[in-house]
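Convention: sequence-line order gives letters A, B, ...; per-chain numbering from 1. On a predicted model such as this, the values are computed, not experimentally measured, just so you know.
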There are 2 protein chains.
Amino acid sequence: MSPAGIRTARTTAEPTGAQDRRRLRARDRRALIARMVQTDGAVVVEELARSLDVTPSTIRRDLALLTEQGTIARTYGGAMVAGHTAEPTLGQRSGLAVAEKDRIGRWAAARIAQGDTVILDAGTTTGRLAHHLRGRTELTVITSGLTALRELAEADGIELITLAGTLRQVSQGFVGPLAELTLTRLTADKVFLGADGLDAKLGICEASLQQTALKELMAQRGGQVYVLADSSKLGQSPFTAWAPLTGPWTLVTDSGATDDQLAPFRALPDVDVVTA
Amino acid sequence: MSPAGIRTARTTAEPTGAQDRRRLRARDRRALIARMVQTDGAVVVEELARSLDVTPSTIRRDLALLTEQGTIARTYGGAMVAGHTAEPTLGQRSGLAVAEKDRIGRWAAARIAQGDTVILDAGTTTGRLAHHLRGRTELTVITSGLTALRELAEADGIELITLAGTLRQVSQGFVGPLAELTLTRLTADKVFLGADGLDAKLGICEASLQQTALKELMAQRGGQVYVLADSSKLGQSPFTAWAPLTGPWTLVTDSGATDDQLAPFRALPDVDVVTA
DNA sequence: CAAATACTTGCGTGTTACGCGCAACCATGC
DNA sequence: GCATGGTTGCGCGTAACACGCAAGTATTTG
């Protein structure tokens, strides 16, 4: 840690090894930091100081400069990627009923046992479910959702399988013939589906037939079927594409659901209704 | 300012309208904060405390809770929208030769024309390539890499297709029979492969046969084949699994490569060598 | 209706990170 | 060789943070 020692070492460094010792001062270091933030998403002051061999003070100065420049955004102990100002697609949707979705996801996660293989649909609610699976072991998760993928990408104990397909931006999920092709090679113990709207008779409502087709196939490929839908989705039909639910299934919603909303589902013989 | 006033109002509230009156505290406040962050992009602790009439401590608690949920991201004096950041735990595994990888990626991105369909291998270098494709239009990108997926998930003009498969954590890519199955349904104009090691005679070296098998298939499925490998990979064979390169291909590396490293590749008739 | 329980909030504590000024240092150019 | 501008490390005071405690409130239970 003695600065004198470092400087002595630097001054006595041979000019022969020109490229390996004295590199990375100021400008290059900042560019490197900026790129690291972009790549990793977030960095920590102390780690940067250690790996770049400078004091935290210097790192802070760099971060302040880059923040001024708009390249990055400062956090408490470090920095992260600058906010994409506003994100209309996913941002608005995930902003609503976060707590409800989280509770639903937590309840669903508790239903998954060690050794299980589960299919996770795309969507924010299933993303929360995935979040609560982190740290679990001996689990196989099959998913078509980018949100769940992000949550579990670093989870050690979980075997993560993705479906193929083309990315649908608004729902952040993979759909299409390739996704369906992949599913024909897989089955699971439990299936967790999301929904843009849910009707007791018609089933799950989505914006496109691609999505409903995939959900239908998912339901066929799994043992127990759970539909995760917060109370704002019940009885709604915002779109015109429907995925009927033939076999027995479980509706998981939040305590904000009214009896009027739940009655049609409770009336069905094959449907189990749960409020998380 | 007076909590007594609010509380009086709460106690006098009728039990009939049980759900509509009694909350503006805790739960709803957090939902409100989440929404404010989403709309405004960033908020400040002190301001929130003043406008919501609670102490900064409470706001901090709320922010900590919402951060845990993943709804927002904490900054120094406040909070901001959660850019789709990976966990800070990810660290700087990709800290080596960032500048070189980036230059290689940029050069490769320039080779891709409007209307092209390209296959992107997993890896950090192809991740940089993907980064430089953001903002492009009329492009179809097929990838097995989570890094490239993250880069292009929000890119409007690009049709993004993922291969199926099980996630290989160390390389952040999808491999296995499902990935190969998906590839048999696709072809592309250009293929960009990464490499853990590269030998002029043996081909691409990887840690597992799953990876080499996939790379081999990728090369077959695309027209022009590019291998992106910074100079530290040339002539290296860190593992024992190999993907031979049969057809003509282009090696893209950085200017740090020595003539000794490049000579074996230049000697091959079917190989084009480029330094970015 | 009263007691018990869970939750929330404000305040005080110590800890951590931050920003700024100073002096020494290095790399340029004249 | 000397001067100049940019960089770096260090110490200081300040601001933001995390944690624990106690008081108050809402919800549940008998």
Side-chain angles (χ1 to χ4, degrees), chain A residues 1-13 15 18 21-33 42-69 72-80 99 103 255-256 275, chain B residues 1-33 42-68 72-80 88:
Chain A
M1 265 311 117
S2 105
I6 293 174
R7 277 164 197 150
T8 322
R10 226 185 291 163
T11 49
T12 56
R21 257 280 172 260
R22 67 157 176 257
R23 61 180 171 189
L24 276 192
R25 277 334 187 197
R27 227 185 139 104
D28 289 340
R29 186 187 56 242
R30 282 166 202 147
L32 182 59
I33 291 175
V43 292
V44 183
V45 170
E46 289 295 335
E47 288 184 11
L48 285 177
R50 228 174 299 125
S51 72
L52 295 177
D53 195 28
V54 288
T55 57
S57 302
T58 303
I59 297 296
R60 280 187 239 281
R61 265 186 285 248
D62 291 338
L63 295 183
L65 207 137
L66 291 169
T67 304
E68 178 80 11
Q69 188 178 324
I72 64 173
R74 203 66 211 286
T75 64
Y76 184 60
M80 59 178 287
R103 263 198 305 275
S255 53
T275 59
Chain B
M1 246 332 110
S2 109
I6 293 172
R7 273 159 200 154
T8 319
R10 228 183 294 165
T11 49
T12 55
E14 280 303 304
T16 55
Q19 282 187 339
D20 53 80
R21 255 281 176 264
R22 66 164 179 252
R23 320 165 177 150
L24 180 56
R25 253 36 189 171
R27 204 160 136 168
D28 285 350
R29 185 186 59 240
R30 281 165 203 148
L32 182 60
I33 292 175
V43 292
V44 184
V45 170
E46 289 296 335
E47 289 182 10
L48 285 177
R50 229 173 299 125
S51 72
L52 296 177
D53 194 28
V54 289
T55 57
S57 301
T58 304
I59 297 295
R60 279 187 238 282
R61 268 187 283 247
D62 291 338
L63 295 183
L65 207 137
L66 291 170
T67 304
E68 175 75 15
I72 64 173
R74 202 66 210 285
T75 64
Y76 184 61
M80 58 179 286

| remark: Whole-Å distance, Glu46(A) CD to dT15(C) C1', equals 14 Å
| Close side-chain approach of Leu32(A) and Leu52(A), heavy atoms under 4.5 Å | yes
| task | Figure out the CZ/P separation between Arg30(B) and dT8(C), and round it to whole Å. | result | 5 Å
| field | Integer-rounded Å distance: dA16(D) P and Tyr76(B) OH | value | 6 Å
| task | Please name the pair of heavy atoms, one in Ala49(A) and one in Pro56(A), separated by the smallest distance, quoted to 0.1 Å. | result | CB-N, 3.8 Å
| request: Measure from CZ on Arg74(A) to P on dT16(C) and round the result to the nearest Å. | output: 17 Å
| field | Spacing between Leu63(B) atom CG and dT8(C) atom P, to the nearest angstrom | value | 15 Å
| Short side-chain N/O contact from Arg29(A) to OP1 or OP2 of dT8(D), under 4.0 Å | yes
| Where Ala79(B) and Ile72(B) come nearest, the two heavy atoms and their spacing | CB-CD1, 3.7 Å
| query | So, the side chain of Arg74(B) versus the backbone of Gly78(B): is there a donor-acceptor pair under 3.5 Å, distance only? | reply | yes
| Atom-to-atom span, CG of Asp62(A) to P of dG6(D) - whole angstrom | 16 Å
| request: Kindly say if Arg61(B) contacts the phosphate of dG10(C), meaning a side-chain N or O under 4.0 Å from OP1 or OP2. | output: no
| Stem list, DNA chain D (Watson-Crick or G-U pairing under 3.5 Å, at least 3 consecutive pairs) | C:1-30 with D:1-30
| Is there a donor-acceptor pair closer than 3.5 Å between any side-chain N or O of Arg29(A) and the backbone N or O of Ile33(A)? | no
| Think Thr58(A) has a side-chain N or O under 4.0 angstrom from the OP1 or OP2 of dT8(D)? | no
| Just by modelled atom types, is the Glu47(B) backbone N or O under 3.5 Å from a matching donor or acceptor in the Ser51(B) side chain? | yes
| note | Atom CD1 of Ile59(B) and atom P of dA16(D) are separated, to the nearest Å, by 14 Å
